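Below you'll find the structure I mean.
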Protein chains: 2
Amino acid sequence: MKNTKLVGELLREKREEKGLLLRHVSAELDIDTAILSKIERSERKATKEQMLKLAEVLDLNKEDLLVQYLSEKILYEIKDEELGEKALKVAEQQIKYINKKNKGIEGV
Amino acid sequence: MKNTKLVGELLREKREEKGLLLRHVSAELDIDTAILSKIERSERKATKEQMLKLAEVLDLNKEDLLVQYLSEKILYEIKDEELGEKALKVAEQQIKYINKKNKGIEGV
DNA sequence: TTTGACTTGACAATATTAGTCAAATATAAT
DNA sequence: ATTATATTTGACTAATATTGTCAAGTCAAA
């Protein structure tokens with residue numbers, strides 16, 4: 001597996017690597033440092049907009065970060081569900097089916 | 001694939017098969033018929049508790065229904081996301097990893 | 001043409017999420 | 001040790017999303 005790090009951990013690492021303070025980055029996002037602190041420690045979820053902004057500010061790959069972010073959102077949704085893994089598999093089958101169907105239609 | 005029907009469609013079919021009216025079933029769930037109507041037409045999501053009750057009232061397999069229900073919740077979460085399918089795959093990898101880790105710990 | 005089943009949409013109540021702020025805790029430099 | 005700066009914590013507020021009611025509307029069958 002490529003990466004088992006939480007989004008928050010990635011953000012903190014990269015921020016520190018760049019020598020930026022919470023206050024610098026949170027100012028760009030226009031939120032209090034408290035929230036960014038919580039995001040980095042996975043105590044809160046960021047919004048999608050904040051993620052995109054963070055990718056910019058911290059020079060992280062937007063797509064990779066977003067994928068990881070969405071994945072965590074999905075996992076959060078099923079974290080207490082015994083049937084979560086099964087549901088994920090079904091969801092994957094269904095999204096494949098849907099995407100296949102749409103591909104067929106796009107060309108009309 | 002086993003089943004491409006939406007949960008709502010399943011519910012409506014089964015209810016009609018049993019000759020039950022919205023009012024009968026919604027009374028058991030203790031909600032207005034309007035909501036059940038919307039649930040059956042996928043205009044609203046049911047709660048987990050409602051799903052379990054519906055499985056009972058309509059003699060549907062609880063596990064299957066819940067899996068399908070959770071799957072739809074997941075899909076709803078990523079319905080407008082270009083990266084949704086990728087995120088799903090990552091989520092699946094990660095949940096496998098987490099479950100494996102927990103299995104290891106359970107036996108301590 | 002009325003009756004019963006379902007649908008629709010406006011609205012209200014409630015729950016969840018996103019945020020601020022100030023005080024408490026580190027961390028680090030004098 | 002003392003102060004200065006960075007981060008964390010938690011109580012509180014604001015905004016948004018979810019869940020529900022209700023009444024009026026549509027539709028089909030008797």
Side-chain angles (χ1 to χ4, degrees), chain A residues 5-55 57-58 65-66 69-81 84 87, chain B residues 5-55 57-58 65-66 69-81 84 87:
Chain A
K5 277 196 198 102
L6 294 172
V7 166
E9 295 173 325
L10 281 174
L11 295 174
R12 174 144 298 185
E13 273 174 25
K14 204 68 196 298
R15 177 174 62 80
E16 292 182 338
E17 252 176 61
K18 300 206 123 204
L20 296 169
L21 299 179
L22 282 178
R23 122 170 89 82
H24 299 134
V25 176
S26 65
E28 299 256 14
L29 305 196
D30 195 26
I31 53 173
D32 196 274
T33 57
I35 295 186
L36 184 54
S37 168
K38 284 169 189 171
I39 290 170
E40 288 184 347
R41 288 170 298 108
S42 308
E43 199 186 301
R44 287 256 183 127
K45 282 176 292 181
T47 66
K48 190 183 172 186
E49 289 64 38
Q50 288 166 346
M51 271 299 148
L52 292 172
K53 191 77 192 174
L54 283 164
V57 173
L58 301 176
L65 193 64
L66 222 43
Y69 166 72
L70 289 172
S71 164
E72 279 177 29
K73 260 180 67 167
I74 292 166
L75 291 172
Y76 178 80
E77 198 74 17
I78 58 174
K79 69 175 166 2
D80 300 321
E81 297 293 344
Chain B
K5 276 194 198 103
L6 295 172
V7 167
E9 294 173 328
L10 281 173
L11 294 174
R12 174 145 296 185
E13 273 175 25
K14 203 69 196 297
R15 176 174 64 79
E16 290 181 340
E17 252 176 60
K18 300 204 126 204
L20 296 169
L21 300 178
L22 282 179
R23 123 171 89 81
H24 299 134
V25 177
S26 65
E28 300 256 13
L29 304 197
D30 194 25
I31 53 172
D32 196 274
T33 57
I35 295 188
L36 185 54
S37 167
K38 284 168 189 172
I39 290 171
E40 288 184 347
R41 288 170 299 107
S42 308
E43 198 185 303
R44 287 254 184 132
K45 282 174 294 181
T47 66
K48 189 181 171 187
E49 289 63 38
Q50 288 166 347
M51 271 298 147
L52 291 171
K53 190 79 192 172
L54 283 164
V57 173
L58 300 177
L65 194 63
L66 223 43
Y69 165 71
L70 289 173
S71 164
E72 279 178 28
K73 260 180 65 165
I74 292 166
L75 291 172
Y76 178 79
E77 197 74 18
I78 58 174
K79 69 175 164 6
D80 300 320
E81 297 293 343

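The model shown is predicted, which means the values in this text are computed figures rather than measured ones. Convention: sequence-line order gives letters A, B, ...; per-chain numbering from 1.
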With a 4.0 Å cutoff (strictly under), does any side-chain N or O of A:Arg41 reach OP1 or OP2 of D:dT9?
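It does, given that an N or O in the side chain of A:Arg41 lies less than 4.0 Å from OP1 or OP2 of D:dT9.
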Please report the distance, rounded to the nearest Å, between CG in A:Leu11 and P in D:dT7.
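Interatomic distance, CG of A:Leu11 to P of D:dT7: 14 Å.
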Between A:His24 and B:Ile39, which residue's closest nucleotide on DNA chain D lies nearer the 5′ terminus?
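Between the two, 5'-proximity favours A:His24.
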Report the nucleotide, chosen from D:dA6, C:dC21, D:dT18, that has the shortest atom-to-atom distance to any side-chain atom of B:Lys45.
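In terms of side-chain proximity for B:Lys45, the closest of D:dA6, C:dC21, D:dT18 is D:dT18.
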Quick one: label A:Glu40 by what it contacts on the DNA or RNA (base, sugar-phosphate, nothing), any heavy atom closer than 4.0 Å.
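A:Glu40: no heavy atom of the nucleic acid under 4.0 Å.
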Strictly by Watson-Crick or wobble contacts shorter than 3.5 Å, is anything paired with D:dA30, and which nucleotide is it?
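Partner of D:dA30: C:dT1.
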Phosphate contact (D:dG20 OP1 or OP2) by B:Gln50 side-chain N/O below 4.0 Å
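For D:dG20, OP1 or OP2 has a side-chain N or O of B:Gln50 closer than 4.0 Å.
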Proximal nucleotide (of C:dC6, D:dT8, D:dG20) relative to the A:Thr33 side chain
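Selected nucleotide: D:dT8.
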As a test of reading the structure: which of C:dA5, C:dT7, C:dT20 is closest to the side chain of A:Asp32, going by heavy atoms?
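Nucleotide nearest to A:Asp32's side chain: C:dT20.
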Distance test, side-chain N/O of B:Arg12 to OP1/OP2 of C:dA5, below 4.0 Å
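The answer is no; no side-chain N or O of B:Arg12 sits under 4.0 Å from OP1 or OP2.
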Would you please confirm or rule out a distance under 4.0 Å between OP1 or OP2 of D:dT5 and any side-chain N or O of A:Arg23?
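A:Arg23 to D:dT5 OP1/OP2: no side-chain N or O under 4.0 Å.
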Would you say A:Ser37 reaches D:dT7's phosphate, i.e. side-chain N/O to OP1/OP2 under 4.0 Å?
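It does not, given that no N or O in the side chain of A:Ser37 lies less than 4.0 Å from OP1 or OP2 of D:dT7.
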From the list C:dT20, D:dT9, C:dC6, which nucleotide is the closest neighbour of the side chain of B:Leu22?
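Nearest nucleotide to the side chain: C:dC6.
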Take the protein atom OH of A:Tyr76 and the nucleotide atom C1' of C:dA18, then report the distance between them rounded to whole Å.
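After rounding, the gap between these two atoms is 13 Å.
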Rounded to whole Å, how long is the line connecting atom NZ of B:Lys48 with atom P of D:dT18?
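It is 18 Å, rounded to the nearest whole Å.
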Any chance you could lay out the salt bridge (Lys or Arg N to Asp or Glu O under 4.0 Å) test for A:Lys5 and A:Glu13, step after step, and finish with the verdict?
CA-CA 10 Å; A:Lys5 277 196 198 102; A:Glu13 273 174 25; 3.7 Å; yes
Which pair of heavy atoms, one from B:Tyr69 and one from B:Lys48, lies closest together, and at what distance?
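Heavy-atom minimum between the residues: OH-N, 3.2 Å.
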In whole Å, what is the span from the CG atom of A:Leu21 to the C1' atom of C:dT27?
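Going from A:Leu21 (CG) to C:dT27 (C1'), I get 12 Å.
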Round to a whole Å and report the spacing from NZ of A:Lys73 to P of C:dT17.
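Computing the A:Lys73:NZ to C:dT17:P distance gives 10 Å.
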Quick one: closest heavy-atom pair of B:Val7 and B:Met51, and the distance?
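Between these two residues, the closest heavy atoms are CG1-CE, 3.1 Å.
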For atom CG of B:Asp30 and atom C1' of D:dC22, their distance in whole Å:
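Spelled out: CG on B:Asp30 to C1' on D:dC22 is 15 Å.
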To the nearest Å, give me how far apart CD (A:Glu49) and C1' (C:dA18) are.
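Rounded to whole Å, this separation is 12 Å.
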Shortest non-hydrogen contact from A:Gln50 to A:Ala46?
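Residues A:Gln50 and A:Ala46, closest heavy atoms: OE1-CA, 3.4 Å.
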Nearest heavy-atom neighbours spanning A:Leu6 and A:Ser42:
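Closest approach of A:Leu6 to A:Ser42, heavy atoms only: CD1-OG, 3.5 Å.
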Using a cut-off of less than 4.0 Å, is there contact between a side-chain N or O of B:Arg44 and OP1 or OP2 of D:dT19?
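Result: no.
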Write down the distance between CG (B:Leu36) and C1' (D:dT21), rounded to a whole number of angstrom.
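The answer, rounded to whole Å, is 15 Å.
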For B:Tyr76, does the six-membered ring have the charged nitrogen or CZ of B:Lys73 within the cation-pi criterion, i.e. under 6.0 angstrom from the centroid and within 45° of the normal?
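Relative to the ring axis of B:Tyr76, which defines the angle, B:Lys73 lies outside at least one limit.
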So B:Ile35, base contact, sugar-phosphate only, or nothing? Heavy-atom distance under 4.0 Å.
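Base: the residue B:Ile35, judged by heavy atoms under 4.0 Å, touches a nucleobase.
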Ignoring hydrogens and angles, answer whether the base of C:dG9 and the side-chain atoms of B:Lys38 contain a donor-acceptor pair closer than 3.5 Å.
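For B:Lys38, whose side chain was compared with the base of C:dG9, there is a donor-acceptor pair (under 3.5 Å).
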